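As structure tokens, the structure follows; a few thoughts come after it.
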Amino acid sequence: MPKMRPPPPPPPRTVQLSIFSWNSRLARYVKAGQYENAMRLFQQMKQEGMSPDKFTFVRVLNACANLPALEEGRSIHMQIIQSGCDSDIYVCNSLIDMYAKCGSLEDAWRVFNTMPSHDVVTWNSLILGHVRCGQGLKALALFQQMQQEGMEPDPVTFVGVVNACANEAWRVFNSMPKRDVVAWNAMILGYAKCGQGQKALQLSRQMQHEGVHPVPVTFVGMLNACASVAALEEGRHIHEAIIQSGYESDVFVGSSLIDMYAKCGSIEDAWRVFNRMPRRNMVAWTAMLGAYAMHGHANEALAHFKQMCEQGVEIDDITFLSLLSACRHAGLVDEGLCYFESMNSDYGISPTNEHYACVVDLLGRAGRLHDAEVLIKTMPCEPNATVWMALLGACRIHGNLEMGECIARRVLELDPGNSAGYVLLSNIYAAAGNWDLSATVQKLRLERDVRRQQGRTWIEVNNEVHTFVVDDQEHPQINDIHAELERLSVQMKDAGYVPDITFMLHDVEEEEKLFHLCHHSEKLAIAYGLISTPPGTPIRIFKNLRVCGDCHSATKFIAKLVGRAIIIRDANRFHHFENGLCSCKDYW
DNA sequence: GCCCGGTGTT
């Protein structure tokens, strides 16, 4: 929950305020997202003897929905019935939305069933409510039902369909007679969210080709897509289009730009956007904090957080996640623990599983496995798989077989469909030389039909994304890439590089291990970057998993030998390689 | 005046 703001200034007492001026004041609070203030204003207007009208109820219900505040919503529902406003369709739609957002679908249905008539917004609110509660199938059934009852779906209905089921979304989208910008937004955001950035970008191009103009939300979706596939050049083009559209001062767009530049490897551009924003909210500040965290700039992150506090910016649970994440990446154990303590005591924010996972990782990485385990045991709620997984990751880093086995058992129980647990345990066994048990775990994974994620590395050159997998033979310039790697490996050996085969956790002969190491997707992408971009320019590559340890040490040599900065984004963070060193100081 | 958008963990 965000920190409480100071109460709104009382309206002047000299003049009896009209209902219109109360309502417009209320509307301003709701629009600005100051829902607590809206609630307080509503109480105040009743105290001063002003009777709310249907416009008042719509706005105050909106505030309840967004807080969310179920009990207050129920009490307002009673007042609505007493005032006779419950025949207004706007009020009823707002009630459905409020109940759905507060998680009470039963109440939402009760309102729906007592309404004399429904419009498309009624159906949309109900459909989206079910989607939010994870009832996608029910949402789709409602979508069918509304059509059977002669109600024409609109683009917002389609937003619900996209979020309920991707396959269904595509079918409906193609059969829509008129696709306005809301429908396009839903598709673009839907694809961006599920990691299909290329598809999202392709859709946004198609949208513009069909003459539909992007609005701020569209740009947010497009920037998300760029961030997920790390398409920096494309992101810059979109930034230009944003400036041309006059949306550059939108805080949503600004926060997405910060995130896009940070995730594409350019923290300088992220800072430039943040610095130039005319109006910054908590999210913009938090996006910048997250940018520092993922690039390992811990000191800047802590200073940034301090500035947030000094300037009275709101702090929420996500701000703390970013802050703890900054400590985690830099190994600032004491600072991290101190901030974790202050969350509850100074800010009134209860730590979630995610915060615990972050602190467990912070302790675990630093080798304090026992402290991490104790922390988990003292959690006020039941730890989820993510928390245990953080400890399991630490067991792998520190080669703690005994604890790893025990933790893995819990992880595999809590989240049997996630390949990460199997892979970590199998790697713990392999690192200890126990190939039989390692294979047993992999066999169990296959028996349960859990597929492990294949490692992929990609690089954007001339607006085109080139993707590599281990031993890749598909790339048209693969021979040139191999030649470049051959050339480099001679120089690297002279400079003192020794391939580290412990990172090859397979039971194969050493010769073979070496061969695979030289053909890791990271090295292929770096070599391609070297031969296809001008000398001296930085190379940005991206990997879907954690970067391999041997590739990490090899990249330090390569960056020094070729005199170029190499920036790698792996699944967790950024590594900036320059002059033989990595920004993570080998702590990752 | 109601329904759709941004930041984080693993």
Side-chain angles (χ1 to χ4, degrees), chain A residues 23-24 26-27 30 53-62 65 88-98 100-101 119-129 131 154-163 180-186 188-190 192-193 215-221 223-224 227 250-260 262-263 281-291 293-294 316-326 328 352-361 384-393 411 415 418 420-421 424 546 571-572:
Chain A
N23 284 348
S24 57
L26 195 55
V30 173
D53 66 3
K54 56 186 181 178
F55 297 96
T56 323
F57 285 129
V58 164
R59 277 153 186 162
V60 76
L61 284 172
N62 204 318
D88 184 83
I89 196 158
Y90 283 84
V91 172
C92 290
N93 288 343
S94 303
L95 274 169
I96 291 180
D97 180 56
M98 180 276 293
K101 282 194 180 137
D119 67 4
V120 67
V121 176
T122 321
W123 285 99
N124 290 347
S125 306
L126 204 56
I127 289 172
L128 285 156
V131 170
D154 78 352
V156 178
T157 323
F158 181 67
V159 173
V161 177
V162 171
N163 290 307
D180 80 349
V181 70
V182 175
W184 283 101
N185 290 345
I188 293 167
L189 280 160
K193 262 186 229 164
V215 293
V217 196
T218 326
F219 284 120
V220 166
L223 292 170
N224 274 349
D250 183 284
V251 278
F252 290 91
V253 172
S255 304
S256 300
L257 273 170
I258 294 170
D259 185 54
M260 181 277 290
K263 288 191 176 139
N281 63 1
M282 165 180 67
V283 177
W285 279 87
T286 302
M288 194 62 224
L289 183 62
M294 73 179 105
D316 76 351
D317 53 336
I318 299 174
T319 315
F320 267 102
L321 264 180
S322 308
L323 182 65
L324 292 171
S325 173
R328 172 172 92 99
T352 62
N353 268 303
E354 285 71 33
H355 296 98
Y356 277 99
C358 205
V359 179
V360 165
D361 187 285
N384 68 7
T386 310
V387 176
W388 289 114
M389 194 81 87
L391 188 55
L392 184 58
V411 169
D415 198 2
N418 186 349
L424 277 175
R546 186 177 182 275
N572 294 320

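Note that the coordinates shown come from a computational prediction; the quantities given were computed from them, not determined experimentally. Hydrogens, waters and symmetry mates play no part in the numbers below; they use all other heavy atoms, side chains included.
Contact annotation for Pro216(A): base contact, defined as any heavy-atom pair under 4.0 Å involving a base atom. Nucleic acid contact for Ser94(A): sugar-phosphate only, since backbone atoms but no base atoms lie under 4.0 Å from a heavy atom of the residue. As judged by a 4.0 angstrom heavy-atom cut-off over every strand, Asn185(A) is placed among residues making no nucleic acid contact. In this structure, Asn418(A) reaches neither bases nor backbone, as no heavy-atom distance under 4.0 Å exists between it and the strands shown. Residue Val182(A) is in base contact, counting any heavy-atom pair closer than 4.0 Å across all strands shown. Nucleic acid contact for Val159(A): sugar-phosphate only, since backbone atoms but no base atoms lie under 4.0 Å from a heavy atom of the residue.
Using a 4.5 Å heavy-atom threshold, the side chains of Asp259(A) and Leu223(A) count as separate. The shortest side-chain heavy-atom distance between Thr122(A) and Ile96(A) falls under the 4.5 Å cut-off. Within the 4.5 Å cutoff, no side-chain heavy atoms of Lys54(A) are placed close to those of Tyr90(A). Within the 4.5 Å cutoff, side-chain heavy atoms of Leu128(A) are placed close to those of Val156(A).
One interatomic measurement links the two molecules: CG of Asn124(A) to P of dC2(B), which rounds to 14 Å at whole-angstrom precision. Whole-Å rounding puts the Leu61(A) CG to dC3(B) C1' distance at 14 Å. Across the protein-nucleic acid pair, Ile96(A) atom CD1 and dC4(B) atom P stand 13 Å apart, rounded to whole Å. If you take CZ of Arg59(A) and P of dC3(B), they are 12 Å apart, rounded to a whole angstrom. What separates CG of Leu126(A) from C1' of dC3(B) is a distance of 11 Å, to the nearest Å. As a whole-Å value, the separation of Asn353(A) CG from dT9(B) C1' is 10 Å.
Contact annotation: side chain of Asp88(A) to base of dG1(B), donor-acceptor pair present below 3.5 Å. Within 3.5 Å, no donor on the side chain of Asp250(A) pairs with an acceptor on the base of dG6(B), nor the reverse.
Side-chain proximity of Val58(A) to dC2(B), dG6(B), dT9(B): nearest is dC2(B). For Glu354(A), counting side-chain heavy atoms from C-beta on, the closest listed nucleotide (dT7(B), dT9(B), dG1(B)) is dT9(B). Side-chain proximity of Phe55(A) to the nucleotides dG6(B), dG8(B), dG1(B) is greatest for dG1(B).
At dT9(B), one or more side-chain N or O atoms of Ser325(A) fall inside 4.0 Å of OP1 or OP2 (strictly under the cut-off). For the OP1/OP2 pair of dC3(B) and a distance below 4.0 Å, the side-chain nitrogens and oxygens of Asn62(A) include at least one atom meeting the criterion. Side-chain N/O atoms of Asn224(A) include one lying less than 4.0 angstrom from OP1 or OP2 on dT7(B). OP1 or OP2 of dC4(B) lies within a sub-4.0 Å distance of a side-chain N or O belonging to Lys101(A).
The backbone N or O of Asp317(A) sits less than 3.5 Å from a side-chain atom of His355(A), completing a donor-acceptor pair.
The salt bridge (Lys or Arg N to Asp or Glu O under 4.0 Å) test applied to Lys193(A) returns no partner, not counting sequence neighbours.
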